[in-house]
**Q** 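Let me begin by handing over the structure; questions about it come next.
Atoms considered below: every heavy atom in the structure, side chains included; atoms not considered: hydrogens, waters and symmetry mates. Quick note: residue numbers are just sequence positions, from 1.
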Amino acid sequence: QVQLAESGGGLVQAGGSLRLSCAASGGTFGAHAMAWFRQAPGKEREFVASISWSGRESIYADAVQGRFTVSRDNVKNTMALQMINLKPEDTAVYFCAAGNRNSAYWQLNSGTNVGAWGQGTQVTVSS
């Protein structure tokens with residue numbers, strides 16, 4: 001079972017940038033498609049982006065398309081989310097997630113094929 005730990009959250013002004021990281025331990029990181037989700041106060045958790053096990057394919061939620069970029073390093077067992085042009089509506093707790101072993105990256109957006117979650121990191125964007 002892979003364990004996940006996010007870092008890199010913080011407070012940033014609108015229009016600014018942040019880079020989140022997700023470090024994996026245990027399991028076989030390269031065998032899992034990975035994803036980022038977020039949850040804003042009073043709202044349900046929502047899909048942000050996912051990436052294939054190889055890192056060659058990725059998909060994004062419409063709300064972040066063109067502003068966020070997901071990447072992974074299967075040697076360092078890490079995944080990153082580069083966020084630019086941040087908006088106040090991006091304020092949320094961001095979670096990294098590992099898909100089940102047989103789940104493709106495009107099957108993670110509902111959260112039902114996620115096998116492991118990180119503890120989350122807070123991102124706050126001020127206007």
**Q** What is the distance from atom CZ of F29 to atom NZ of K76, rounded to the nearest 0.5 Å?
**A** 12.5 Å
**Q** How far apart are the closest heavy atoms of D90 and N85, and which atoms are they?
**A** OD2-O, 4.5 Å
**Q** Of all heavy-atom pairs between V48 and Y94, which one has the smallest distance, and what is that distance?
**A** CG2-CE2, 4.3 Å
**Q** Which atoms form the tightest heavy-atom contact between A33 and A104, and what is the distance?
**A** CB-C, 4.0 Å
**Q** As an exercise, state the distance from CZ of R72 to OG of S58, rounded to the nearest 0.5 Å.
**A** 11.5 Å
**Q** Do T69 and Y60 pass the side chain to side chain contact (heavy atoms under 4.5 Å, CB included) test, and can you show the C-alpha distance, the side-chain angles, and the key distance before you say yes or no?
**A** CA-CA 8 Å; T69 303; Y60 298 89; 3.9 Å; yes
**Q** Would you say V93 ends up clustered with M79 if hydrophobic residues are merged whenever their side chains have heavy atoms under 4.5 Å apart, either directly or through other cluster members?
**A** no
**Q** Walk me through whether R101 and H32 qualify under side chain to side chain contact (heavy atoms under 4.5 Å, CB included).
**A** CA-CA 6 Å; R101 286 291 292 262; H32 298 271; 3.4 Å; yes
**Q** Hydrophobic cluster membership, with links at side-chain heavy-atom distances under 4.5 Å among I/L/V/M/F/W/Y: are Y105 and W53 in one?
**A** no
**Q** According to a hydrophobic-cluster definition based on side-chain heavy atoms being under 4.5 Å apart (Ile, Leu, Val, Met, Phe, Trp, Tyr only), do W106 and V114 belong together?
**A** yes
**Q** Less than 4.5 Å apart, side chain to side chain, heavy atoms only: is that true for L4 and W117?
**A** no
**Q** State whether the side chain of Q13 and the backbone N or O of S126 hold a donor-acceptor pair below 3.5 Å, judged by distance alone.
**A** no
**Q** Is S54 reaching over with its side chain to a backbone N or O of R56, donor-acceptor style, under 3.5 angstrom?
**A** yes
**Q** Please report the shortest heavy-atom distance between S127 and A14, naming the atom on each side.
**A** CA-CB, 4.3 Å
**Q** If you compare all heavy atoms of A24 against all heavy atoms of V2, which two are closest, and at what distance to 0.1 Å?
**A** CB-CG2, 3.7 Å
**Q** Could you state whether V64 and I51 fall into the same hydrophobic cluster, counting links through intermediate Ile, Leu, Val, Met, Phe, Trp or Tyr residues with side-chain heavy atoms under 4.5 angstrom apart?
**A** yes
**Q** Check the side chains of S52 and E57 for a donor-acceptor pair under 3.5 angstrom, ignoring hydrogens and angles.
**A** yes
**Q** Quick one: pull up CD1 in I84 and CZ in R67 and give me the separation to the nearest 0.5 Å.
**A** 8.5 Å
**Q** Keeping the roles fixed (side chain from D73, backbone from V75), state whether a donor-acceptor pair exists under 3.5 Å.
**A** yes
**Q** Got a second to check how far S25's OG is from Q3's CD, nearest 0.5 Å?
**A** 4.5 Å
**Q** About how many Å separate OG1 of T121 and CG of L81, when rounded to the nearest 0.5 Å?
**A** 11.0 Å
**Q** Is there a path of hydrophobic side-chain contacts, each under 4.5 Å between heavy atoms, that joins L108 and M34?
**A** no
**Q** Distance under 6.0 Å and angle within 45° of the ring axis: does R38 meet both against F47?
**A** no
**Q** F95 and L20: side chain to side chain contact (heavy atoms under 4.5 Å, CB included), yes or no, with the steps?
**A** CA-CA 10 Å; F95 300 89; L20 306 183; over 6 Å; no
**Q** What is the minimum heavy-atom distance between R19 and S71, and which atoms define it?
**A** NH2-OG, 4.1 Å
**Q** Can you measure from CD (Q119) to SG (C96) and round to the nearest 0.5 angstrom?
**A** 7.5 Å
**Q** Quick one: does any side-chain atom of Q1 pair with a main-chain N or O of G115 as donor and acceptor, under 3.5 Å?
**A** yes
**Q** For V123 and T91: C-alpha separation, side-chain torsions, deciding distance, then whether side chain to side chain contact (heavy atoms under 4.5 Å, CB included) applies.
**A** CA-CA 5 Å; V123 172; T91 295; 5.9 Å; no
